[in-house]
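Shown next, in structure tokens, is the structure this report addresses.
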There are 2 protein chains.
Amino acid sequence: MQPSAQFSTRQRILGAAEALFAERGFAGASLRQVTAAAKVNLAAVNYHFGSKDNLIEEVFRRRLDELSHHRLENLAKLEATGNASLETVLDAFITPALELSLDRKGGSVFMRVLARAFAEHNSSLRRFLSENYGYVLKDFAAAFARVLPHLDKQELYWRLDIAVGALTYAMADFGVIQRRSGESERAYREQMARHLIHFTAAGLRA
Amino acid sequence: MQPSAQFSTRQRILGAAEALFAERGFAGASLRQVTAAAKVNLAAVNYHFGSKDNLIEEVFRRRLDELSHHRLENLAKLEATGNASLETVLDAFITPALELSLDRKGGSVFMRVLARAFAEHNSSLRRFLSENYGYVLKDFAAAFARVLPHLDKQELYWRLDIAVGALTYAMADFGVIQRRSGESERAYREQMARHLIHFTAAGLRA
DNA sequence: CTAGACTTCAAACGATTGTTTGAAACGCGA
DNA sequence: TCGCGTTTCAAACAATCGTTTGAAGTCTAG
């Protein structure tokens, strides 16, 4: 387990897999395409990850560990300072995803991979995500319940379900809106986040 | 081209393909799985549709022709009677999808297939959908512009993009909300449509 | 410098992929 | 009943799939 060597091969596989999963889906991207893009040997995937399914899980783990941490950290900060409102809770959820998609080159494509996970009815993948990161959504649901006290539980869950859909879809860039020529990636993403918070807050509050 | 024979084999392939595409994706569902589920010979797909890609397009065409017609019909009726408002235009868009998902057994799974199409960056599939059904979205965008005159074009497009995401995601049943035990499929779907219109109208108007 | 663990490599495994083939079965007008 | 276009069928095609293998290469601790 040499740190440098392991980092290089493992990380390059994860990066190439992430990009190809976003573009062609989990079944549509083959390990040969992944290893070719990563410029590593085909057998390296099974050596480092054991199987394709494990590779898929690791692609999620690499990003979601950090993303979930930032989201909950933001939420805790709001609760501690008493600044929790509908808009700030939404911001606590959205901004880390925004930063991730701007941070590294692969960040924005990961949001597409994440959106694909929702479309997959693959039960083992859903179980993996629910078991490892379900508590994040639970904590946020509780926070939303606190800032939307007039909604009963059933009503709140319906609206959160719709809101998550809007956020997932938008952050994955599935829409038709294109970045204008003079506009930077950062400016485009920040505008999207602003619209998302505005739209979703209105829908949740209505 | 005997009507009865053609109907039977073709239609059974389309039904089985629709279900398996919804469950496993376009790349994840093989023609052998499709033909086995449809109880037809493997070669029947290439005989009746030419290729897997053509089969995928036909799965969309079968539902979208009718769906688009109903949507535009509803919209035209609103314009003719002067009843066009934000809620009624949304209803004109959503209700046909609701009816489709309740009408036939395969209707609800088709909405999942449609949502998968958004996740696919497959350019030929996107081109097929845009060329054949893009005018529906264009007509509705114009209608929304009329009932939301205070929004400038750029602002409207942002919000419609988000709204389409919310609708697509929700109608595909990607969320975590489950039908309650005593609740009928129809009641569940109608409640979802009601929440969707309410949420989206608020987001668009805000 | 050597021993030994770690990593990479080319090659091959059986299984499965979309597609094609040519013959068999079918259905219907003459 | 015959003949012919339409449809179905089992079988096979080359290509690709995820995975495994054992040897070659690389690295560091002793």
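Just so we're clear, the structure is a prediction, and the values are computed from it rather than from any experiment.
When rounded to the nearest whole Å, the span between CZ of B:Phe49 and C1' of D:dT7 equals 14 Å.
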Quick one: which protein N/O atoms are closer than 3.5 Å to N/O atoms of nucleotides 17-21 of chain D? Pair and distance per line, please.
from   : atom 1 : to      : atom 2 : distance (Å)
D:dC17 : OP1    : A:Ser30 : OG     : 2.9
D:dG18 : OP1    : A:Lys52 : NZ     : 2.7
D:dG18 : OP2    : A:Leu31 : N      : 2.9
D:dG18 : N7     : A:Arg32 : NH1    : 2.7
D:dG18 : O6     : A:Arg32 : NH2    : 2.7
D:dT19 : OP2    : A:Lys52 : N      : 2.9

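Within the 4.0 Å cut-off from OP1 or OP2 of C:dC6, not a single side-chain nitrogen or oxygen of A:His48 is found. Listed pair A:Thr9 / C:dT8 meets the phosphate criterion, a side-chain N or O lying under 4.0 Å from OP1 or OP2.
A salt bridge is absent between A:Glu23 and A:Arg112; no separation between the charged side-chain nitrogens and carboxylate oxygens falls under 4.0 Å.
A:Ser101 places a side-chain N or O within 3.5 Å of a backbone atom of A:Leu98 that can act as its donor or acceptor partner. With B:Thr200 contributing its side chain and B:Ile197 its backbone, the two residues share no donor-acceptor pair below 3.5 Å.
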Run the side-chain donor-acceptor check on residues 126-137 of chain B: report pairs under 3.5 Å with partners two or more places apart or on a different chain.
from     : atom 1 : to       : atom 2 : distance (Å)
B:Arg126 : NH1    : B:Phe118 : O      : 3.2
B:Arg126 : NH1    : B:Glu120 : O      : 3.2
B:Arg126 : NH2    : A:Phe174 : O      : 3.4
B:Asn132 : ND2    : B:Phe128 : O      : 2.7
B:Tyr133 : OH     : B:Asp65  : OD1    : 2.8

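Relative to the ring axis of A:Phe93, A:Arg71 places its NZ or CZ within 45° and under 6.0 Å from the centre.
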